[in-house]
Peer 1: 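Attaching a single structure in structure tokens format; questions to follow.
Computed from a predicted structure; not experimentally measured.
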Amino acid sequence: MAEGRVPRAGADGKKFERRRRAAAAMAEEAPEDGAVRTLPSLRRLSRALPFGRSHGRLGISPSGRLIVPALCSQEKADPQKTAFLLRKAWTLYSVTPLYGFRRARLRDYARLLGAFIAAEKQKGLAVEVGVELDIKVALSSLADIRGSELDQAALLVQLSSRSRGSSRTSEDKPVWWGWFCSVFGDELSENVPEHFTCLPLFLSHGAESYTALVGSWFQKTFDCCFRRLAISPLNLSWMAAMWAGCKLDRAASAVELVFSVPRLAQPLDISYAIHPEDAKALWDTVQKTPGEITQEEVDVFMDCLYAHFHRHFKIHLSAAKLVKVSTAIASAHCDGIVKILHSQYLPGVLMLLTELAISQIQ
């Protein structure tokens, strides 16, 4: 099925060195494991980036080639510290570098952010910093989530609800999570001036109103800009191919592709499920070099799936829009909603999302 399509030779250069350093995280065996939009109601600030950047979209380069890294952090990561990141629907944003951000002031930032949220919820009434609030804010570093030494450790923001009648010893209930990260974002980090912190990918889970408040505070405090991060059908096809090629020691769920049929009076989606072993076998016949993926290989993989579907149902899926990909590794929707399901591949998934976030920063 895959014969007749020869991948183009890749160009070796500095642009690919950060990916070449690590080898095939998404391809190695894993042990068993349990359109652009701004933030809602946020006013975007106008500070332009003081550095230039030319960055291709995920998987797109002059050679159509992507070197898939084996992430140095995956062996050091503590699964218990990152378990809460799994199986949640995360909304994606890209974030320009934070100006004047300091890790040593996380407790101060938490108090200021808490007072800001309380004041906004009370419609502008003054709130004293440090008083007991209904919403508790915690900021902490996730040192395990980064790809290289140049990457900043991930930053977790957690909002918890504290009922008025509860005692001080009662446990607070988390109501919202958000976290900034950079996994193999070296190219951006190397060019950023002093006093800027590069954490280009932001993921949020919880009420959109809290996302808007937290985003607004970060924008005003660190002169950065948040933008919703959509995922194009082309990038979804890359994710489908890469994740389908991952080997798991336990039974895996089906690879599911969801397509939206355009120009119909009533919305119509087509769901296409492929047995995980069949999807991996197909990818193994298509991929020429383990740990390296080309655009042509992704095209062949998708074309084979389209041909099989047409043979049985006489429907040309290539005329529809790919809107969602679901695998045992992760699921991703074109609206920028991602759910990560397997901790072994958490760094690899974040590497792809960091790549997309950086590509949106101009």
Peer 1: Distance-only criterion, 3.5 Å: show the donor-acceptor pairs between side-chain atoms of residues 251-271 and protein atoms not counting sequence neighbours.
Peer 2:
residue	atom	partner	partner atom	Å
Glu256	OE2	Ser271	OG	2.4

Peer 1: How about Arg103: does its CZ atom have over 12 heavy atoms from other parts shown lying under 6.0 Å from it?
Peer 2: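 Counting other residues, nucleotides and ligands, CZ of Arg103 exceeds 12 neighbours.
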Peer 1: What is the minimum heavy-atom distance between Leu350 and Cys181, and which atoms define it?
Peer 2: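 Closest pair (atom of Leu350, atom of Cys181, distance): CD2-SG, 4.3 Å.
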Peer 1: Taking only residues two or more places apart in sequence, or in another chain, which ones meet Ala241 in a side-chain contact (heavy atoms from CB on, under 4.5 Å)?
Peer 2: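 With neighbours one apart ignored, the set is Trp283, Val298, Phe301.
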Peer 1: Quick test of your reading: applying ring pair (Phe, Tyr, Trp, His ring centres under 6.0 Å), list the pairs with at least one residue in residues 135-156, sequence neighbours left out, ordered by first then second residue.
Peer 2: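 Ring pair (Phe, Tyr, Trp, His ring centres under 6.0 Å) check on residues 135-156 returns no pairs.
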Peer 1: Students often mix this up, so state it plainly: with edges at 30° and 60°, are the rings of Trp177 and His205 parallel, tilted or perpendicular?
Peer 2: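 Ring orientation of Trp177 relative to His205: tilted.
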Peer 1: Please check this pair: side chain of Thr82 against backbone of Leu85, looking for a donor-acceptor N/O pair closer than 3.5 Å.
Peer 2: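 No: the side chain of Thr82 does not pair with the backbone of Leu85.
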Peer 1: Can you name the residues that form a salt bridge (charged side-chain N to carboxylate O under 4.0 Å, His left out) with Lys324, not counting sequence neighbours?
Peer 2: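 Counting only residues at least two positions away or on another chain, Lys324 forms no salt bridge (charged side-chain N to carboxylate O under 4.0 Å, His left out).
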Peer 1: Do the side chains of Leu86 and Leu92 join up, straight or via other hydrophobic residues, at under 4.5 Å, putting them in one cluster?
Peer 2: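 The answer is yes; both residues are in one hydrophobic cluster.
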Peer 1: How close do Ser237 and Met302 get, heavy atom to heavy atom, and via which atoms?
Peer 2: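 Looking at all heavy atoms of both residues, the shortest contact is CB-CG, 3.9 Å.
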Peer 1: CZ/Phe226 to OG1/Thr211 distance, rounded to the nearest 0.5 angstrom?
Peer 2: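 Result: 9.5 Å between the selected atoms.
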Peer 1: Name all residues meeting the side-chain contact (heavy atoms from CB on, under 4.5 Å) criterion together with Leu106; count only those two or more places apart in sequence or in a different chain, and write none if there are none.
Peer 2: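 With neighbours one apart ignored, the set is Phe101, Tyr109, Leu139, Ser141, Leu155.
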Peer 1: Residues in side-chain contact (heavy atoms from CB on, under 4.5 Å) with Glu277, at least two apart?
Peer 2: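 Result, side-chain contact (heavy atoms from CB on, under 4.5 Å) vs Glu277: His275.
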Peer 1: So how far is it from Leu201 CG to Ser182 OG, rounded to the nearest 0.5 Å?
Peer 2: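 Here the interatomic distance stands at 8.5 Å.
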Peer 1: Tell me whether Trp217 is reachable from Ile135 by hopping between hydrophobic residues (I, L, V, M, F, W, Y) whose side-chain heavy atoms are closer than 4.5 Å.
Peer 2: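 In one cluster: yes.
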Peer 1: Should Ile337 and Trp90 be regarded as members of a common hydrophobic cluster, given that ILVMFWY residues are connected when their side-chain heavy atoms come within less than 4.5 Å of each other, either directly or indirectly?
Peer 2: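 No; tracing contacts between hydrophobic side chains, which count when under 4.5 Å, never links both residues.
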Peer 1: When you measure from the side chain of Thr221 to the backbone of Phe218, do you find a donor-acceptor pair of N or O atoms at a distance under 3.5 Å?
Peer 2: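 It does not hold such a pair.
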Peer 1: Which atoms form the tightest heavy-atom contact between Pro97 and Cys198, and what is the distance?
Peer 2: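 That would be CG-SG, 4.1 Å.
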Peer 1: Quick one: does Gln287's side chain have a donor or acceptor within less than 3.5 Å of a partner on Asp284's backbone?
Peer 2: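 No, the answer is negative, given that no donor and acceptor are paired below the 3.5 Å cut-off.
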Peer 1: Compare every heavy atom of Phe184 with every heavy atom of Gly147, then report the nearest pair and how far apart it is.
Peer 2: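 Minimum heavy-atom separation between Gly147 and Phe184: O-CZ, 3.3 Å.
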Peer 1: To the nearest 0.5 Å, how far apart are NZ in Lys280 and NZ in Lys247?
Peer 2: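 Answer rounded to 0.5 Å: 6.5 Å.
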Peer 1: Answer yes or no: are there more than 12 heavy-atom neighbours, outside Lys88 itself, under 6.0 Å from its atom NZ?
Peer 2: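 Yes, NZ of Lys88 has more than 12 neighbouring heavy atoms, counting only those of other groups under 6.0 Å.
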Peer 1: Is there a path of hydrophobic side-chain contacts, each under 4.5 Å between heavy atoms of I/L/V/M/F/W/Y residues, joining Leu234 to Leu356?
Peer 2: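 They do share one cluster, since a chain of ILVMFWY contacts under 4.5 Å joins Leu356 to Leu234.
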